[in-house]
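Scroll down for the structure; my scribbles are underneath it.
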Amino acid sequence: MPKYYNRYNIISGDLSNAGYASSDIKKYLKTLLLPKHFIKLVCVASYEAEINIVIHSFGGHIDFYIEKNTIVMIFSDSGPGITNLYEAMKEGFSTAHNNARDHGFGAGLGLSNIKHVSDEMVLNSSCEGTILTVKFNMPKGEWIK
Amino acid sequence: MNSNLILHTNKLTLDNIVNGMYICDLHSSVLKNAKEDNVFITIMNNINSIAVAVMVDLPCVIITQGSIPTTDMIKRANEENITLMSTKLNNAEIAFILKDMGL
């Protein structure tokens with residue numbers, strides 16, 4: 001059994017509420033007294049991936065849990081999927097619509113940011129949906145029990 | 001407070017301690033590059049600018065070039081104890097003023 005598990009529903013197109021799940025994850029990580037720089041890395045990945053679901057998908061959810069000193073976040077949505085994963089991973093490549101760009105998103109940096117900050121990232125996509133798994137190894141310290 | 005700046009959040013947020021600044025209108029760049037306690041200077045007057053500030057611990061957001069912060073943005077900033085200000089100046093002009101103020 002994971003030490004902690006939470007699921008967040010993410011609504012498509014709801015930019016004004018985007019970030020609340022990541023904010024909640026941050027609040028939980030703070031209660032664990034993890035180092036600030038580590039929390040920041042997890043939050044960057046979480047926020048980028050949350051925004052991706054809002055902007056690009058028909059909606060989905062985040063599963064967040066901690067298991068064996070690893071933080072696992074699984075971002076899954078119900079489509080339409082990423083046409084070209086190789087292109088999507090390139091910095092600067094974006095398919096975001098103008099509304100997202102007007103809000104400061106769609107620079108094509110999200111997925112590469114996630115790859116940069118995480119310890120492990122797995123991206124699977126089909127027309128039925130995309131599943132992004134991101135893992136962080138918790139730094140050694142007294143918060144590991 | 002400098003006459004170029006308008007405060008939108010409650011006065012208690014003026015007690016926030018800041019160190020350095022980061023100027024950007026692309027949220028992914030802010031997430032990647034801004035440092036804790038930076039003043040975040042941007043033209044983006046939407047709630048997502050506050051959400052980004054919350055993620056990377058930026059205690060102050062300045063909206064530039066006469067953009068007016070939305071009401072939900074002000075509400076969220078107050079909730080998160082983030083100083084939200086606006087200015088008619090552009091990103092660079094306000095940055096020079098903050099530098100002169102010692103930031």
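Source: prediction; values computed, not measured. Just so it is clear: chains get the letters A, B, ... in the order the sequence lines come, proteins before strands, and each one is counted from 1.
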Between chain B and each of A:N113, A:V44, A:L109, count heavy-atom pairs under 4.5 Å; write down the option with the most. A:N113

Side chain, backbone, both or neither: which part of B:V30 has a heavy atom under 4.5 Å from chain A? neither

Part of B:M55 within contact of chain A (heavy atom distance under 4.5 Å): both

Is there a continuous path of hydrophobic side-chain contacts, each under 4.5 Å between heavy atoms, that joins A:I74 to A:L132? no

Any chain of hydrophobic side-chain contacts (each under 4.5 Å) joining A:L34 to A:M73? yes

So, the part of B:N48 with a heavy atom under 4.5 Å from chain A: the answer is both

Given a strict heavy-atom distance threshold of 4.5 Å, which part of A:E50 is in contact with chain B: side chain, backbone, both, or neither? neither

Which bit of B:D57 is near chain A, if near means a heavy-atom gap under 4.5 Å: side chain, backbone, both or neither? both

Only counting residues at least two apart or in another chain, list the ones meeting salt bridge (Lys or Arg N to Asp or Glu O under 4.0 Å) with A:D63. A:R7

Can you measure from CG (B:N45) to CG (A:D102) and round to the nearest 0.5 angstrom? 10.0 Å

What I want to find out is whether B:E36 reaches A:K40 closely enough, with some N-O distance under 4.0 Å, to be called a salt bridge. no

Taking every non-hydrogen atom, the tightest pair across A:E91 and B:K32: OE2-NZ, 3.7 Å

Atom NZ of B:K35 and atom NE2 of A:H37: how far apart are they, to the nearest 0.5 Å? 14.5 Å

First locate atom CG of B:D25, then atom CZ of A:R101, and finally report the distance between them rounded to the nearest 0.5 Å. 14.5 Å

Atom group of A:H116 that falls short of 4.5 Å from chain B, counting heavy atoms: side chain

With a 4.5 angstrom heavy-atom cut-off, which part of B:I47 approaches chain A: side chain, backbone, both or neither? side chain

Most heavy-atom pairs under 4.5 Å with chain B, out of A:G108, A:C43, A:G110, A:G106, belong to A:C43

So does B:L103 have more than 12 non-hydrogen atoms from other groups sitting under 6.0 Å from CG? yes

In residues 9-23 of chain A, which residues are in contact with chain B at a heavy-atom separation under 4.5 Å? A:L15, A:S16, A:A18, A:G19, A:Y20, A:S22, A:S23

Would a single hydrophobic cluster contain both B:L84 and B:I68, if residues Ile, Leu, Val, Met, Phe, Trp and Tyr are joined by side-chain heavy-atom contacts under 4.5 Å? no

A:Y86, A:I82: one ILVMFWY side-chain cluster at the under-4.5 Å cut-off? no

Contact class of B:T70 relative to chain A, heavy atoms under 4.5 angstrom: neither

Between B:H27 (side chain) and A:H103 (backbone), is there a donor-acceptor pair under 3.5 Å? yes

Please answer: with hydrophobic residues joined when any side-chain heavy atoms are less than 4.5 Å apart, are A:I131 and A:I55 in the same cluster? no

